[in-house]
Amino acid sequence: MSIDQSKIRNFCIIAHIDHGKSTLADRIIEKTGLLTSREMQAQVLDNMDLERERGITIKSQAIRTVYKAQDGEEYILNLIDTPGHVDFNYEVSRSLAACDGAILVVDAAQGIEAQTLANVYLALDHDLDVLPVINKIDLPSADPDRVVNEIEDVIGIEAEDAPRISAKTGLNIEEVLEQIVTKIPSPVGDPLAPLSALVFDSIYDSYKGVIVFIRIKNGTIRSGTQIKMMATGATANVVEVGYFGAGQFIPCDELSAGMVGYVTASIKNVKDTSVGDTMTDVQNPCSEPLPGYKKVNSMVYCGLYPADGSKYPDLRDALEKLQLNDASLSYEPETSIALGFGFRCGFLGLLHLEIIQERLEREYNLDLVTTAPSVIYKVYKCDDSMIELTNPSNLPDPSEIQYMEEPVVNAEIMVTSEFIGAIMELCQERRGVYLGMDYIDGTRALIKYELPLNEIIYDFFDALKSRSRGYASFDYELKGYERSELVKLDILINKEEVDALSFIVHSETAYERARKMCEKLKDEIPRHLFEIPIQAAIGSKVIARETVKAMRKDVLAKCYGGDITRKKKLLEKQKEGKKRMRQVGNVDIPQSAFMSVLKLDQD
Amino acid sequence: MNKTKSMGMYIHIPFCMTKCKYCDFLSFPCDEPTKRIYVDSLKREILAWGNIYGLGGENRNISTIFIGGGTPSYLDSNLIFEIMKCVRNNFYIDENAEITIECNPGTLNLLKLSDFKSCGINRLSIGLQSANDNELKAIGRIHSFTQFKESFLDARTAGFDNINIDLMTALPYQTLDSLSNTLDTVIELNPEHISAYSLILEEHTPLYDYINLGHANILPDENIDREMYYLTKEKLLSAGYERYEISNYSKPNYASRHNLSYWNRTDYLGVGLGASSFIDNVRYKNEENISAYLLLLDKNFDDNHDGNVSKLKREITTLNLNDSMEEFMFLGLRKESGISISEFSRSFNKDIFDVYGNVLDKYSKMNLLNINNGNIKLTAAGFDVSNTIFCDFLLD
């Protein structure tokens, strides 16, 4: 049984967040009859609870459906849904590598946003044909003509024929399907050539083990094929091949050139399958690995510690499993005097950090203490060596440092003209360097700034949204490293330095941050039987101080009718609360205090 | 029959005219028929326990009785009379037994008080809380100070010579001046016993919600709260009262024996809705749902009086050695007299320093606790933060 390549279309959907990718994906699945509308759970492809709750796509998801086109032929559509948030660009990029075309969804009311551009450029980089679709034309504020002009002017792709749809109501979905068939090219590749398949994702399933998602470029794979991963060198026997049904894996006999599907094999170690690697046939290997795609590097680091120290091995296992389908997550063990054994983890951005943290807590039932996020600083030492610093507490003594560099990004912020002033003010506050501004049309502008990454990882996105009443959109890419006057702020609680609370700031903002940090910690740390000084210091110089006063009263009221059990429960609860805190010296610090630095600008 | 063991009895009356704004105890307003049905059920329960611990069983010596609530004096005196008669018919009550009823001004008159006296009750505990009418209003009390004073004088007239007055500190709008005035006023009345609790905001109470809606400013701050506590102590001590427990003061020899039995961990039987018991090293609580309570007593008791009262028991906990040692410490240290080191070893066959050496050392170094003459007690500063200290006596 072989499938005619010309009847296959591999494509993904790209869009700015909230422009309707996942809803369109759902409509396509519904229209092609894979599921009846009664069986549809809203947003089939967002199958993590977290995705449904937050209304965002985090993981790329793949699905295969069959469409009977107007030419009377049946086509296999392999659809890959992609995330829209700036933190998840790498997911988009790996999905693109598995596709031959991309549907670009643009909101008919909002028009092009920062992430629309970023995603289109990614798609064009991969030589994909981009098929624009104007969504949400049922909105009263929809202005599809304007959006068509925007697409043509700003992106420079033909949009006159773009289907004007409402993914929500199902209007004109048929037109999208027809254009997928007529405008997106069918895959090329020789099913008889030596096997080369691009690994674009993998997940861990407790029944099937590691499930590898592949796009076959050449050759054919079936159960029994002895495969080799070209980068890691690992070999294994294929147990099962198949394609993606709605929320399930459907086994089939073989996958051949041009097809998208999954493979399970006798792969023992999850680390043997790395995303971006090329899978080939041991008996008949291909000569060269596929180009793969750019490995994305972590930009934000923080320490993750189990609240209960004995859960350290569980945290390690959970991170290993999460990393399997999230190549951008990195981690290595570290220890903290205050927090014990944990991991220094690398993320693409703060949202990514939050998502991983939430997934660890929910899916793996772990209770975590997270330290303040940091970027990677380059520290040039007096002996001319350089270290990349991901944990502020590892900063060498200032006397050993020549100078330091911090990462800066090129940021593009799209905003309606009334908020330009407010956004520019925000960027100035965050040490931004103004690069320029382009007007998209009469009412919207694309503002360009160079910003230090450590100024945007904390709460920049929130600040941006609040100062533009939610209208500003934002994208950035790493520009490089620049020399900067940075200092490490140490926090001393009851005269003892708490390593997990140290952070690096620009010298000009050090005093302000130190003051706010001490105030915040004063609120976070409960009263003890003695007075607790909280100090912020640069080196040995204390630059801010607060005091947690000694507790004056902690008395239980009357014991009514001899209910001693209730009294004991109260004491137990109090003791339990104390246990959940971290002990530094003789001070109990609540776990939330370690994230305090994140909230300095909130009051 | 030998009367080797004695025990206390707590009788719960879960009714009150209106619920005070700070109260999270098991009490609620009710109608007359409900009172009648409840007392009938209570009598059936007392009768059944009588067959186990009373005249029909172990024949324990009842050394104290405390009728608490709610507001027991909200019941007509004939109902109280029936309850007391029922206890007498089924238990041996010690001749010197301390028998207390809790009362609220606004539910009392001379006749009722005389009735209480005539059914054997010899101690009253009257809830005043404050002598300032604005403060009373702020916490939802149904009475004024004048009404209280009338009730107090009526009680004396009726012959009560052992009266407790409940006071509260850290009340909304309360100041050091107003508290000072309350204390002076109360001292002048010369009651035998005074309880002074500082207000604890309990969740699910109207006052708690109100405070959390941004009205924290009506409460005295923590420093004032402490000063109120010290003022209370100072004034009462100089007026001839002794402090025998964190919040309880009495004239010499008028400490409440029932109250002390809780801290001394002697046996007591709780009867009535949600009442707590501690008997033979087991703690439990009665059913707390009124309908369920009434139903259980209705179904399970018959004219043969052999119903199964154990069906009322909830949250039954048999104390193990650790539980008992913990309680010994965190209950015993509430008393001014503290705990006896030799009593600890007698009771548990262990050296107290082997079990609690670290904690005792830590807090005596902090001057929160004194170890002296075979006795361990909290210092004044220790009483202020007693909860924090007690937590450390819980064993892992």
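On a predicted model such as this, the values are computed, not experimentally measured, just so you know. Every chain is numbered from 1, with letters handed out A, B, ... down the list of sequences.
- Between the side chain of A:Lys568 and the backbone N or O of B:Glu327 there is no donor-acceptor pair closer than 3.5 Å.
- Remark: B:Lys233 NZ is packed, more than 12 non-hydrogen atoms of other residues, nucleotides or ligands lying under 6.0 Å away.
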Query raised in the report: Run the side chain to side chain contact (heavy atoms under 4.5 Å, CB included) check on A:Phe530 and B:Met366 step by step: do they pass?
Result: CA-CA 9 Å; A:Phe530 44 87; B:Met366 292 170 87; 4.2 Å; yes

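- Proximity to chain A involves both the backbone and the side chain of B:Asp323, based on heavy atoms less than 4.5 angstrom apart.
- Contacts from residues 546-553 of chain A to chain B, taken as heavy-atom pairs separated by less than 4.5 Å, involve A:Met551, A:Arg552, A:Lys553 in sequence order.
- The choice from B:Leu26, B:Ile246, B:Ile389, B:Asp225 that makes the most heavy-atom pairs within less than 4.5 Å of chain A is B:Asp225.
- Under the 4.5 Å side-chain criterion, counting only non-hydrogen atoms from C-beta, B:Val385 is not in contact with A:His528.
- Interface remark: B:Leu368 contributes side-chain atoms only to the contact with chain A (heavy atom separation under 4.5 Å).
- Taking a 6.0 Å sphere around CZ of A:Arg580, one finds it holds 12 or fewer heavy atoms contributed by other residues, nucleotides or ligands.
- The 12-atom threshold is exceeded at NZ of B:Lys313, counting heavy atoms of other residues, nucleotides or ligands nearer than 6.0 Å.
- Between B:Tyr363 and A:Leu529, the closest heavy-atom pair is CE2-CD1, 3.5 Å.
- The distance from atom CG of B:Leu394 to atom CD of A:Gln574, rounded to the nearest 0.5 Å, is 9.5 Å.
- For chain A, no part of B:Phe393 is nearby; none of its heavy atoms comes within less than 4.5 Å.
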Report task. Verify side chain to side chain contact (heavy atoms under 4.5 Å, CB included) between B:Asp396 and A:Lys579, making sure each step is shown before the conclusion. Result -> CA-CA 11 Å; B:Asp396 286 318; A:Lys579 253 188 173 168; 3.6 Å; yes

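- Contact tally against chain A (heavy-atom pairs below 4.5 Å) for B:Tyr284, B:Phe390, B:Phe383, B:Phe330: the top residue is B:Phe330.
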**Report entry** Candidate pair A:Arg566 and B:Glu315, rule salt bridge (charged side-chain N to carboxylate O under 4.0 Å, His left out), full reasoning
**Finding:** CA-CA 11 Å; A:Arg566 173 172 166 180; B:Glu315 300 177 31; over 6 Å; no

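- More than 12 heavy-atom neighbours from other residues, nucleotides or ligands sit within 6.0 angstrom of OH on A:Tyr312.
- Counting heavy-atom neighbours within 6.0 Å of A:Asn365 CG, excluding the residue itself, gives a total of 12 or less.
- The SG atom of B:Cys391 lies 12.0 Å from the NZ atom of A:Lys573; values are rounded to the nearest 0.5 Å.
- Interatomic distance, CG of A:Asp563 versus NZ of B:Lys285, reported as 4.0 Å (0.5 Å rounding).
- Here the closest heavy-atom approach between residue B:Asn387 and residue A:Leu571 is recorded as OD1-CD2, 3.5 Å.
- No donor-acceptor pair closer than 3.5 Å links the side chain of B:Tyr262 to the backbone N or O of A:Ile564.
- Smallest separation of non-hydrogen atoms from B:Ser276 and A:Gly562: CB-O, 3.7 Å.
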